[in-house]
Every structure is written in structure tokens, then in C-alpha cells.
A.B. asks: 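If you scroll down you'll find the structure; I have some questions about it.
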There are 2 protein chains.
Amino acid sequence: MPGRGRVSRQAGGPVEADVPAEPSGVPTMFDVARRAGVSHQTVSRVLNGLTGVAASTKERVEQAIADLNYTPSPAARAMAKRRSGSIGLILAGRPDYGPSNAALGFNEAARDSGYTVSQASMRSIDADTLTQAVHRLVLQRVEAIVLISGERDGVAVVSGIDAGVPIVAVASEPAPPPEPAAAGRPGPHRVAIDQYAGARLATEHLIGLGHRAIRHVTGPADSMDAAERRRGWGDAMAEHGLEVRDPIEGDWLASSGHAAGQALIADPDATAVFVANDQMALGVLHACHAAGVDVPGNLSIVGFDDIPEAAYFTPALTTVRQDFDALGRDVMSTVLDVLGVPGDRGAAGDGGVPGHRGAAGVNGEHPAHERTTRVPELIVRATTAPPRA
Amino acid sequence: MPGRGRVSRQAGGPVEADVPAEPSGVPTMFDVARRAGVSHQTVSRVLNGLTGVAASTKERVEQAIADLNYTPSPAARAMAKRRSGSIGLILAGRPDYGPSNAALGFNEAARDSGYTVSQASMRSIDADTLTQAVHRLVLQRVEAIVLISGERDGVAVVSGIDAGVPIVAVASEPAPPPEPAAAGRPGPHRVAIDQYAGARLATEHLIGLGHRAIRHVTGPADSMDAAERRRGWGDAMAEHGLEVRDPIEGDWLASSGHAAGQALIADPDATAVFVANDQMALGVLHACHAAGVDVPGNLSIVGFDDIPEAAYFTPALTTVRQDFDALGRDVMSTVLDVLGVPGDRGAAGDGGVPGHRGAAGVNGEHPAHERTTRVPELIVRATTAPPRA
DNA sequence: GCCCCTGGGGCTTGTTACTGT
DNA sequence: CACAGTAACAAGCCCCAGGGG
């Protein structure tokens with residue numbers, strides 16, 4: 001079917017009739033221009049809010065736009081502007097409470113800044129899948145890539161890729177010293193909630209109650225959050241002159257918490273435990289119930305995250321609350337920073353993609369950002385009490 | 001800075017030198033063509049895997065592509081092909097276990113089919129926000145929109161929008177009779193897990209244990225899943241000649257389950273309760289513990305969803321497991337269906353966007369899909385037992 | 001003469017730079 | 001100067017014509 005009825009440039013010759021050949025498909029700038037009796041360039045000027053268009057002309061164009069239900073093609077715009085206006089989000093691993101909420105916060109913040117989010121979620125976090133995801137996003141010409149996944153290896157994998165676009169990762173550990181192989185190329189920008197501080201909060205709460213034998217159930221070895229929480233616990237213990245016993249390793253799941261709980265029960269000295277997340281704390285609680293260990297009478301427990309269910313554990317869980325939503329927003333504001341977009345100018349209008357001047361170039365001539373300012377909050381409930389004398 | 005050093009069509013005249021003017025920015029097809037000594041069209045053919053390119057030529061082109069690190073511009077491709085290759089995903093409401101996992105499953109399935117996912121998540125689910133999200137995605141020229149949000153109103157809102165692209169919603173209730181206002185325009189396609197069947201499973205399990213006074217704690221009134229679960233419970237009760245008492249309304253959160261639990265405890269007759277999700281069941285459990293009600297001795301409890309923590313509640317929760325991951329994949333396969341993409345031909349290759357012939361047109365000339373085939377599974381644990389005689 | 005390749009030209013929808021009254 | 005239009009350009013895809021065997 002040749003000639004879809006679109007007149008491309010309306011030859012100057014005799015116009016055949018008054019019927020302006022109603023375009024069949026999606027209307028284009030030219031259709032609008034024809035209807036408004038102006039050139040397509042004037043339409044463009046109106047669309048982009050440029051000056052130099054008479055009010056009356058502008059009105060006619062806007063009317064034509066409304067009549068035709070015209071909306072500019074993002075593909076054409078992206079091509080001409082050489083900007084996709086989209087950011088890639090990689091959400092790797094189980095969609096737990098934390099990552100999901102951080103992703104949500106990020107998503108909303110991105111939208112508020114006029115960016116589109118191209119999401120590449122994946123359950124697995126192996127290097128191959130992750131690398132592929134990054135490449136796919138690069139192929140999509142996203143302007144930045146965000147990685148939400150606590151796994152150290154994930155961040156490391158991403159660090160090893162020369163994506164050509166800035167990468168912002170949720171990563172609570174400071175960046176490792178750069179490998180010589182990655183000379184000149186800074187690692188991803190890092191944003192996080194201060195896990196270390198949160199862990200100290202939890203531990204010091206227990207110490208303040210009078211506990212001295214405080215054990216720790218960690219998250220998986222590969223998790224940076226887990227490592228930071230462990231470090232916070234260890235430092236707090238050491239500073240108070242308390243013995244830093246070997247922690248028990250878990251994997252974030254309640255099942256591992258259950259196993260850890262059984263190990264704890266076998267330890268006659270322990271009077272308290274700081275568990276690295278709420279799900280595992282639930283598992284510990286379960287083990288205690290099964291063994292007839294009274295909580296908090298025989299064992300005090302502090303969790304981490306404050307998932308919505310924590311208040312309804314039995315007993316209600318003392319834990320450390322993190323603001324994941326804010327974390328997501330922090331990630332987006334870091335992205336804007338790195339992209340050199342001025343201020344928090346949320347493009348409230350019609351989703352106009354914010355114009356930016358490429359400030360920091362590719363992955364930043366200046367060193368990568370590291371933001372770990374946000375501090376969690378201790379929520380005291382019913383699983384903690386002074387140790388029995 | 002005029003003339004970015006890109007020669008557009010290599011005039012037939014005298015070539016000034018052997019230096020082929022290394023392009024500064026992102027390489028284009030023309031750069032590849034020049035380097036391989038062929039025309040841009042041949043490059044295109046190689047890229048699209050079309051026939052009609054000699055093996056040797058193909059190799060040269062591929063070498064040039066590799067040398068220049070060339071990747072085709074998705075914007076240009078989208079424009080030429082008139083297809084964005086992307087699908088919009090609206091994830092509305094709290095990022096709970098179910099929706100998050102369904103979204104993840106969908107995301108992976110979409111990727112496997114060569115589609116990109118543009119995500120518009122939002123915490124709130126009011127009509128305005130939802131409508132805006134749909135419009136934003138339409139502006140992005142997504143080829144279909146997926147809505148994951150159990151709220152009936154959400155689906156209704158979306159149904160009322162003439163998006164111009166197919167909409168697939170996770171919705172367990174059958175479509176309501178079309179309003180006259182929406183004449184001719186079918187509602188969104190609906191995909192779901194069979195909530196009704198799951199609820200019957202739960203209820204019949206309790207009945208089978210000998211319970212007769214089985215209460216129900218529902219999800220929020222606006223939730224279709226909640227309504228279906230309630231219906232399943234009611235029907236099962238009625239069919240067995242048991243009294244269908246007024247259910248207690250909850251809101252999915254553990255807190256409402258806690259309140260419901262207190263109400264249940266005050267009911268001297270009730271020996272069992274079917275709670276519409278696991279979080280609320282946790283709340284009921286919490287209330288029982290607090291009141292010294294033995295579970296399952298005095299009260300049997302069945303939940304719904306089988307969140308990973310359910311096995312570590314105290315006691316371990318008997319519940320109904322749903323395969324959210326599969327639901328997400330079902331959604332994607334429905335999308336493919338609606339878009340008229342043949343079979344499950346996962347474009348395993350280089351993310352080649354699958355070519356499709358627009359079969360079902362806009363939102364389907366044929367009636368909307370309704371798929372509710374997948375049936376959940378009862379997981380019996382420790383919160384259910386025969387009633388005490 | 002037909003098939004296998006290859007190339008030219010035009011089209012996609014906007015943006016930007018330069019002209020022209 | 002204020003306003004509008006023309007031309008070139010962005011980076012691909014597709015139809016068709018044509019060279020070589």
C-alpha cells in the first residue's frame with residue numbers, strides 16, 4: 001500500500017481541493033502545521049516554548065494540536081536532541097521490602113524530574129546476567145544506569161564495565177581502592193543509608209539495657225549492607241570492651257534465621273542478639289518459641305529494616321527502620337547531579353524532558369559520588385529488655 | 001561548532017586523503033559502511049540478518065561494527081520501524097510480595113521476548129495519578145500497557161481511558177458489563193490467578209478438618225482479589241450447608257489482621273478463620289498469642305499467598321500459595337497474544353525486536369482476553385487442626 | 001534471462017541554523 | 001527587532017533499480 005495519504009511537503013503547485021487529506025495514522029508536526037496554516041518549524045517553536053511566535057499564531061497552533069490530538073514522537077525527538085530522556089534501572093535479586101521500596105521511590109523521583117525509567121529486573125544476580133542487563137540498557141541509550149542490589153559482586157561487576165554512561169549504585173560500603181586495570185575510570189557513584197550507624201544504634205541499645213554477651217546474625221557474605229551492619233555491631237561491642245564473638249551467618253531469609261536461632265539457643269551465655277534483618281529475626285523468634293526460650297526474658301532480639309509486619313511479630317520486634325523511599329529519591333538526585341542537571345527543578349509541566357548541559361561527561365571526570373548520609377532510626381518494641389540478673 | 005566531522009554521503013569527487021575523518025561522537029551506520037567499504041544499506045541488511053549479503057561482505061561489516069563499537073540507535077530504529085519495542089508497566093500501590101514478584105516475572109518475560117519495559121510505579125492509586133501514568137506511557141509510544149494493581153477502581157479507571165494501545169491488567173474478577181459510555185471499546189484484557197479456587201481450597205481444608213464455624217477476614221473492599229477470595233469462602237461454606245457469617249474487613253496489613261483477631265477472639269463460636277492474606281494472618285496470630293488463645297487448638301488459621309516468612313510464623317502458617325512469577329509471565333504472553341506476535345519465539349539473539357503484524361489492532365476488535373486458569377496450591381502447616389471436641 | 005548481491009534514493013518526525021520580510 | 005519560513009541534519013528502514021555471473 002504505497003502512499004499512506006501523507007503529503008510530505010505540499011508542493012507549491014495547484015492544490016487539488018480543500019480537503020486537506022486527513023492523515024490516517026498518528027499525526028505529525030506537518031499535519032499540525034498544515035492545519036494551523038504555518039510551517040512545521042513554527043509548530044516546533046510552539047511545542048518547545050520558544051520565543052518568537054505571535055500570540056495569535058501560537059493559539060492557532062495549539063488549537064490544531066488539540067484538534068488532531070497530536071503528541072510529538074519521542075523517537076524523533078530523541079534522535080534530533082540526541083538524548084533519550086530515560087534512565088535504566090537494574091533491580092537484581094529477590095524483590096524484598098527494601099529494594100522494592102527503594103525502586104519505587106526512585107521511579108517516582110525520576111518521573112518528577114521528567115525522566116522515563118527503563119527497568120531491567122532480574123531474579124538472579126550472576127555476573128553474566130548483570131553484564132547483559134547493563135549492555136541492554138546501554139543499547140537503549142539510557143542516560144544513566146541505576147543499580148539496586150546489595151550484592152557486592154553486583155556492584156563490582158558493574159564497576160568493571162565501561163558502560164559509557166554514568167552508573168549510580170546503592171552500595172553501603174565505601175568503594176574499594178581502584179584496581180590498576182580500571183585506570184582512570186572511576187567506579188559507580190554510591191548512595192546508601194548508613195548501615196553502620198544503624199547497626200551501632202541496635203547494638204548500643206542492647207548494651208544500654210545491660211547486655212554483655214550480644215551475638216550477631218549476619219546477612220549473606222556477599223551483601224554490603226550485611227557487612228556494614230556486622231562492622232557496626234563489632235565496633236560497638238569492642239568500644240564497650242565486650243567480646244566480639246563470631247557471628248552466625250544467615251542469608252536474609254527466615255529459614256536461615258531459624259537455623260541461627262537454634263544455634264543461639266545452644267549458647268548458654270548469649271542474652272541478646274542483633275539480627276541483620278527482620279525476616280531472619282522472625283526465624284530466630286520461631287526457634288525460640290519452639291524451644292521454649294522466652295523473648296525477651298531469656299533472649300533479647302533486635303532486627304533491621306522495620307518491615308510492616310515487624311510490629312506484629314510475637315513479641316513485637318524491636319528493630320531499625322530505614323527510609324527506603326528516601327533512599328530511592330537520593331539515588332535520583334545523585335543521578336541528576338552526575339548528569340549535571342541543575343537543582344531539583346521537577347519538570348512539573350507536560351513532562352518536558354529537562355534540558356541539561358553534559359557537565360560531568362561520561363562517568364565523571366571528578367571522583368565518584370559517595371553519599372551515606374541518611375541515618376536509620378531505632379524502633380523499640382517488645383523483643384528487648386534488660387537481661388535477667 | 002559546525003560540522004562535527006561527519007561526512008554524510010561521501011561525494012563522488014576526489015577523496016582528500018586516506019584519513020577517513022574519525023567520527024567523534026557515537027558511530028552511525030554510515031561510519032560502519034565507510035569503514036567496511038560498502039553502502040549503509042548493506043550494513044542495515046547485516047544488522048537485520050537479512051539475506052542477500054555475501055559471507056565475506058558480512059564479515060567485513062561485522063568487523064567494522066566491532067572496531068567502531070557501533071550499536072544502532074534505538075530512536076532511529078523506532079522511528080523508521082514505527083515501533084518503540086517497549087511496553088509500559090504500571091505498578092500501583094504498596095510494593096507487596098505479590099505485585100513485586102508478578103512485576104519481576106513480567107519484566108523477565110518481556111526481556112526474553114525482546115521488549116523493553118518502561119516502568120511507571122506509584123504508591124498511590126487514585127484516579128488522577130493513574131490516568132496520568134497511562135497518558136505518560138502513551139506519549140512514550142509504548143505498544144501496550146500492563147497494569148498490576150489489585151484495586152478494582154484502578155482497573156476501572158484504566159478501562160475508561162481510550163489509550164489507543166492494548167491494556168492488560170491483572171484482575172481476578174471478571175469484567176463488569178460494559179457501560180454504554182464505553183460503547184464498542186472493550187475493557188482491558190484480564191489475567192489472574194484463580195483467587196476463587198484458592199479460597200475454596202482453604203475453606204474446604206478447614207471444613208474437611210471438621211470445622212463448621214469458619215469466619216473470614218477479607219482484604220480491602222476495593223480489591224478484586226479480596227472479593228474473589230471472599231466469594232470462594234462464602235460459596236464453599238454455603239455448599240456445605242454452613243452458616244456464612246459476616247466477614248471481618250481488613251486492609252491487607254498486619255495491623256488490620258490484629259484488630260480482626262481481637263474481634264474473632266470475642267466470638268465464642270468460631271473455631272477457624274480463613275484470612276485473606278498472610279500479613280493479616282500474622283496479625284491474627286499476634287492477637288491470639290496476646291489473648292492466650294491457642295493456635296490451632298482453639299482456633300485454626302489459614303492465610304493466603306505463602307510469603308516466604310509464612311513458614312516461620314508461630315506456629316507455621318497453613319496458607320495458599322500463588323505463583324506470582326508465572327502470573328507475570330502469563331501477563332506477558334497475553335500481551336504478545338494481543339499484539340499478534342506469533343508464538344513464544346523468545347528473541348534469544350541480540351535483542352532483536354520481534355517483528356509482528358498488527359493482528360488485533362488497537363484494543364482488540366475481538367473481545368478482551370480473560371485468563372484465570374492458574375490455580376493456587378494449599379500448603380498445610382501448623383496453624384490448622386481439627387476443632388476440639 | 002534469472003539469481004545473487006549491492007547501492008541509490010526516499011521516508012520516518014523532529015530540531016537547529018540560517019534567511020527573509 | 002519581531003516573526004515566520006527554508007534547508008540541512010539526526011540515524012535508521014524499505015522499495016526498487018541495476019551490475020555481475
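Each chain gets a letter, A, B and so on, in the order the sequences are listed, and its residues count up from 1.
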A.B. asks: Round to a whole Å and report the spacing from CG of Asp31(A) to P of dT13(C).
C.D. replies: 8 Å
A.B. asks: Figure out the CG/P separation between Leu139(A) and dG12(D), and round it to whole Å.
C.D. replies: 12 Å
A.B. asks: Check step by step if side-chain hydrogen bond (donor to acceptor under 3.5 Å, both in side chains) holds for Thr131(B) and Asp128(B).
C.D. replies: CA-CA 5 Å; Thr131(B) 307; Asp128(B) 269 10; 5.4 Å; no
A.B. asks: How would you label the contact of Val43(A) with the nucleic acid (heavy atoms, under 4.0 Å): base, sugar-phosphate, or nothing?
C.D. replies: nothing
A.B. asks: Applying side chain to side chain contact (heavy atoms under 4.5 Å, CB included), run through Ser149(A) and Leu91(A) and close with a yes or a no.
C.D. replies: CA-CA 6 Å; Ser149(A) 151; Leu91(A) 194 58; over 6 Å; no
A.B. asks: Nearest whole Å is fine: how far is dG12(D) C1' from Gln140(A) CD?
C.D. replies: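 Going from CD in Gln140(A) over to C1' in dG12(D) covers 17 Å.
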A.B. asks: If I take atom CG in residue Leu68(A) and atom C1' in nucleotide dT13(C), what distance separates them, rounded to the nearest angstrom?
C.D. replies: 15 Å
A.B. asks: Give one of base, sugar-phosphate or nothing for Thr51(B), where a contact means two heavy atoms less than 4.0 Å apart.
C.D. replies: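 Nothing, no heavy atom under 4.0 Å.
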A.B. asks: Check the distance between dG14(C)'s C1' and Arg83(A)'s CZ and give it to me in whole angstrom.
C.D. replies: 15 Å
A.B. asks: Counting only Watson-Crick pairs (N1-N3 plus N6-O4 or O6-N4) and G-U wobbles (N1-O2, O6-N3), all under 3.5 Å, who is the partner of dG1(C)?
C.D. replies: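 Paired with dG1(C), as far as the under-3.5 Å criterion goes, is no nucleotide at all.
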A.B. asks: Going through the checks in order, is the side-chain hydrogen bond (donor to acceptor under 3.5 Å, both in side chains) test met by Gln119(A) and Ser121(A)?
C.D. replies: CA-CA 6 Å; Gln119(A) 187 147 351; Ser121(A) 299; 3.0 Å; yes
A.B. asks: Over all strands shown, is Thr71(B) touching base, sugar-phosphate only, or nothing at heavy-atom distances under 4.0 angstrom?
C.D. replies: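 Sugar-phosphate contact only - Thr71(B) comes under 4.0 Å of backbone atoms but never of a base.
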A.B. asks: Should Thr42(A) be listed as having a side-chain N or O under 4.0 Å from OP1 or OP2 of dC3(D)?
C.D. replies: no
A.B. asks: Please enumerate all protein N or O atoms sitting under 3.5 Å from an N or O of nucleotides 13-15 of chain D, with distances to 0.1 Å.
C.D. replies:
| unit_1 | atom_1 | unit_2 | atom_2 | d |
| --- | --- | --- | --- | --- |
| dC13(D) | OP1 | Asn48(B) | OD1 | 3.4 |
| dC13(D) | OP1 | Arg77(B) | NE | 2.9 |
| dC13(D) | OP1 | Arg77(B) | NH2 | 3.1 |
| dC13(D) | OP2 | Ser44(B) | OG | 3.1 |
| dC14(D) | N4 | Gln41(B) | OE1 | 2.9 |

A.B. asks: Could you check which of dC3(D), dA11(D), dT6(C) has an atom nearest any side-chain atom of Ala54(A)?
C.D. replies: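 Closest nucleotide to the Ala54(A) side chain: dC3(D).
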A.B. asks: Between Thr28(A) (side chain only) and Phe30(A) (backbone N and O only), is there a donor and an acceptor less than 3.5 Å apart?
C.D. replies: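 Answer holds: yes.
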A.B. asks: Using salt bridge (Lys or Arg N to Asp or Glu O under 4.0 Å) as the criterion, list what pairs up with Arg141(A), not counting sequence neighbours.
C.D. replies: none
A.B. asks: Please determine whether a side-chain nitrogen or oxygen atom of Ser39(A) lies at a distance below 4.0 Å from atom OP1 or OP2 of dG5(D).
C.D. replies: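 Checking dG5(D) against Ser39(A), a side-chain N or O does come within under 4.0 Å of OP1 or OP2.
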A.B. asks: Between the side chains of Thr116(B) and Gln140(A), does any donor sit under 3.5 Å from an acceptor?
C.D. replies: yes
A.B. asks: Could you go through Asp31(B) and Tyr70(B), starting from their C-alpha distance and side-chain angles, then the distance that decides it, and tell me whether this counts as side chain to side chain contact (heavy atoms under 4.5 Å, CB included)?
C.D. replies: CA-CA 9 Å; Asp31(B) 300 319; Tyr70(B) 163 83; over 6 Å; no
A.B. asks: Under 4.0 Å from any atom of DNA chain D, heavy atoms only: list the residues of residues 60-67 of chain B that qualify, in numerical order.
C.D. replies: none
A.B. asks: Would a distance-only check, ignoring hydrogens and angles, find a side-chain to backbone donor-acceptor pair under 3.5 Å from Arg45(B) to Leu50(B)?
C.D. replies: no
A.B. asks: Tell me, with the steps shown, if Ile148(A) and Ile90(A) meet side chain to side chain contact (heavy atoms under 4.5 Å, CB included).
C.D. replies: CA-CA 6 Å; Ile148(A) 298 183; Ile90(A) 299 178; over 6 Å; no
A.B. asks: Rounded to whole angstroms, how far apart are NZ on Lys58(A) and P on dA2(D)?
C.D. replies: 16 Å
A.B. asks: Quick check: on DNA chain C, is the nucleotide nearest Met79(B) upstream (toward 5') of the one nearest Thr57(B), or the reverse? Name the residue that is more 5'.
C.D. replies: Thr57(B)
